[in-house]
Number of protein chains: 2
Amino acid sequence: MSVNPLRPRASGRVTLADVARVAGVSPITVSRALRGERAVAPELVAKVKEAAARLGYVPDPAARALASRSGTHVAVLIPLLSNALFVDLIDAAQGVLRAAGFQMLIGVTNYREGEEEQLLREQLPHRPAGLIVTGLQQNRATRALIEASGVPCVHAMDIAPDKGVHSVGFSQQEAGAAMTRHLLGRGRRRIAFAAAQLDPRTISRQEGWRLEMERAGLYAPSLEWLNASPSSLALGAAMFEQIVSVRPAVDAIFFNNDDLAQGALLAALRMGIEVPRQIAIAGFNDLTGSDQMVPPLTTVRTPRREIGESAARMLLTLMRGGLPERACVDVGFELVVRASS
Amino acid sequence: MSVNPLRPRASGRVTLADVARVAGVSPITVSRALRGERAVAPELVAKVKEAAARLGYVPDPAARALASRSGTHVAVLIPLLSNALFVDLIDAAQGVLRAAGFQMLIGVTNYREGEEEQLLREQLPHRPAGLIVTGLQQNRATRALIEASGVPCVHAMDIAPDKGVHSVGFSQQEAGAAMTRHLLGRGRRRIAFAAAQLDPRTISRQEGWRLEMERAGLYAPSLEWLNASPSSLALGAAMFEQIVSVRPAVDAIFFNNDDLAQGALLAALRMGIEVPRQIAIAGFNDLTGSDQMVPPLTTVRTPRREIGESAARMLLTLMRGGLPERACVDVGFELVVRASS
DNA sequence: CTGAAAGCGCTTACAG
DNA sequence: CTGAAAGCGCTTACAG
């Protein structure tokens with residue numbers, strides 16, 4: 001049992017002090033050299049880095065968080081893990097954040113009222129270095145919490161051009177309008193809007209649809225089919241069956257999410273209804289499988305990975321005390337026209 | 001600017017010491033009373049809790065982690081976020097862990113060689129209170145890391161009845177065998193096994209299929225269709241087209257994951273091949289939409305939420321220093337026979 | 001059952 | 001450019 005002189009502490013863990021001893025400098029100099037903070041003589045930096053590497057030094061995040069009052073992790077709040085949309089978002093953000101040395105803590109609200117606020121109250125004591133939240137519709141208390149914490153925060157998925165917040169996303173309303181214009185351009189007149197979940201982004205898309213329908217003089221409340229249940233293929237199938245039976249004159253349905261539209265296409269198949277000859281179907285998000293449907297689904301491709309990356313990068317800038325080029329990044333969207341319309 | 005006597009610290013944060021002062025006890029007593037550790041006089045506990053509530057005291061996780069050498073979070077390592085299987089797993093585990101006051105940190109390996117080890121090297125310095133990893137096939141270095149860290153660890157998805165590890169899952173091989181027996185029972189003879197990703201659990205299922213086929217005297221290497229690409233509907237469609245064109249005599253295909261099988265069903269629809277009359281299709285996992293397919297998909301329902309919850313509960317026991325009733329929990333699986341077979 | 005002391009491993013704020 | 005001191009807010013280990 002010989003004691004390795006390079007690892008003097010019996011506790012096992014190599015600390016800053018160990019590195020300092022080996023490098024022949026003070027602990028604070030090691031701290032500064034390793035973080036690249038303030039000016040440290042280049043030769044000392046080299047000596048410190050070599051010593052740290054030799055000892056296999058890994059900084060203790062808990063000690064760092066306690067001393068600096070800011071952790072090395074970012075908290076990300078999303079509504080759902082069961083929607084590929086948000087999974088893509090966090091997966092992309094994760095990549096950027098991790099490369100920069102930040103951990104990511106995921107909070108899921110399940111679209112529950114007050115859950116975002118509750119999660120924040122649990123998260124904030126952990127001193128996250130940054131925050132990414134979904135959408136712009138935080139309640140009063142949540143906004144106050146964020147503000148008071150002083151933790152940099154980026155809003156993902158939607159954009160707020162004027163407000164004093166940082167956001168990355170695209171105009172949900174404009175996307176809803178674009179799909180509606182496409183269907184109108186194909187000669188469809190009685191275009192139903194069918195949605196589930198009814199989150200703020202859904203409502204924005206509905207607004208886009210409604211404005212275009214009104215402009216075309218075709219809007220009617222009976223074309224709106226809203227269901228607050230979670231989105232799913234089964235629900236889409238059920239909504240499709242209901243719409244075609246109650247309103248046989250409807251000649252197109254714009255579903256608010258691809259899973260609904262996929263379910264509708266499968267229901268049409270079962271019912272022997274020809275798409276798009278008898279009725280056009282459109283979706284939203286371009287989820288997995290939409291290109292494989294029979295017929296392939298017309299939809300709006302939403303660049304959620306790009307949103308995740310861009311939001312993470314913006315947050316990185318804010319966490320480093322910098323100012324992002326723009327406080328609001330519009331990544332746009334893409335109409336994907338396939339055979340279902 | 002009057003100073004609130006209940007919040008003496010200018011820094012804003014309410015600390016243990018503040019609570020101790022108000023309750024008229026020492027800080028360590030507050031610590032013990034709040035954690036329910038060791039015996040503290042009931043009346044003191046009440047006084048402390050009241051003071052803590054009045055001051056709105058929230059323990060600082062960083063300070064606690066530094067002092068106790070153990071964090072208040074659990075690290076969970078999964079292969080992919082884009083597979084609903086793992087999302088369900090962590091979502092369920094999250095619920096149990098959060099209710100017990102633990103945060104959850106998610107690491108994604110993307111099935112990359114060595115990535116699990118790398119993630120662990122990043123995570124362990126954060127002193128997680130516990131670990132949940134996917135499967136049982138960790139490499140040597142990874143197992144050594146876990147062992148040396150002393151952090152309690154539960155393996156999810158597969159089971160290890162004999163080994164000295166803690167596991168929650170079901171027998172992947174037995175599930176593969178059960179589906180194969182079902183297809184054989186329906187009179188199918190040339191049952192192909194089609195798989196993507198080829199992770200250890202896929203290989204186990206293949207083993208189950210192969211053993212049953214051999215027992216029936218029907219095994220042939222030409223029935224194995226393995227593709228290391230990620231699983232997707234598009235890949236399932238492509239594999240289906242290839243199999244029926246190269247081996248027209250195949251009368252059933254057992255796909256290793258539902259997304260492949262869903263893609264195959266849609267491809268059959270496009271090609272005008274009748275399922276199950278001309279060929280039977282079976283999947284695995286019972287993912288969203290499988291019951292909506294045309295025809296609905298026969299599959300194996302895997303209780304991943306139950307696995308997540310059970311693994312989290314077992315870990316909770318271990319983290320509290322207890323010994324779980326059983327080191328290996330088999331949650332089983334369920335054959336779901338629908339019209340596609 | 002309760003507490004005074006020491007310490008976890010860093011960084012901040014102040015000097016020089 | 002470098003460092004000695006103090007402190008972040010808890011818990012451990014030792015007494016009594």
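No hydrogens, no waters, no symmetry mates; every other heavy atom, side chains included, goes into these values. Order of the sequence lines fixes the chain letters, A, B, ..., with proteins taken first and strands second; residue numbering starts at 1 for each chain.
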Legend entry - Residue A41(B), side-chain atoms from C-beta onward, closest of dT2(C), dG9(C), dA4(D): dT2(C)
Inset, instruction - Specify the separation, in whole Å, of atom CG of L34(A) and atom P of dC10(C). - result: 10 Å
Inset, instruction - Carefully, step by step, assess I106(A) and M104(B) under the rule side chain to side chain contact (heavy atoms under 4.5 Å, CB included). - result: CA-CA 8 Å; I106(A) 301 167; M104(B) 185 167 119; over 6 Å; no
Inset, instruction - Would you please confirm or rule out a distance under 4.0 Å between OP1 or OP2 of dT11(D) and any side-chain N or O of S31(B)? - result: yes
Inset, instruction - In plain terms, say whether E43(A) and K47(A) are close enough for a salt bridge, that is, a side-chain N and a carboxylate O under 4.0 Å apart. - result: no
Inset, instruction - With the side chain of R35(B) defined as its heavy atoms from C-beta on, choose the nearest nucleotide among dT11(D), dC10(C), dG3(C). - result: dT11(D)
Legend entry - Rounded interatomic separation in angstrom, taking CD1 from I28(B) and P from dC14(D): 14 Å
Legend entry - Distance-only donor-acceptor check, side chains D18(A) and Y57(A), under 3.5 Å: no
Legend entry - Pairwise side-chain contact, P125(A) with R13(B), heavy-atom cut-off 4.5 Å (strictly under): yes
Inset, instruction - Would you mind reading off the distance between R64(B) atom CZ and dT12(D) atom C1', rounded to a whole angstrom? - result: 14 Å
Inset, instruction - Nearest whole angstrom, please: distance from the P of dC8(D) to the CZ of R127(A). - result: 11 Å
Inset, instruction - Provide, to the nearest angstrom, the distance between the CZ atom belonging to R69(B) and the P atom belonging to dT11(D). - result: 12 Å
Inset, instruction - Ignoring backbone atoms, establish whether S68(B) has a side-chain N or O less than 4.0 Å from OP1 or OP2 of dT11(D). - result: no
Inset, instruction - Report the distance from atom CG of L16(A) to atom C1' of dT12(C), rounded to the nearest whole Å. - result: 14 Å
Inset, instruction - Using whole Å, report how far CG of D60(B) lies from P of dC10(C). - result: 17 Å
Inset, instruction - Provide the Watson-Crick or G-U wobble partner of dA13(D), both distances under 3.5 Å; none if there is no partner. - result: none
Inset, instruction - Using modelled atom types only, decide if a donor and an acceptor are shared between the side chain of S167(A) and the backbone of A160(A) within a distance under 3.5 Å. - result: yes
Inset, instruction - For A62(A) and for T29(B), locate the closest nucleotide of DNA chain C by heavy-atom distance; then report the residue assigned to the nucleotide nearer the 5' terminus. - result: T29(B)
Legend entry - Phosphate OP1/OP2 of dG9(C) contacted by T15(A) side-chain N/O (<4.0 Å): no
Legend entry - Whole-Å gap separating C1' (dA6(D)) and CG (L66(A)): 13 Å
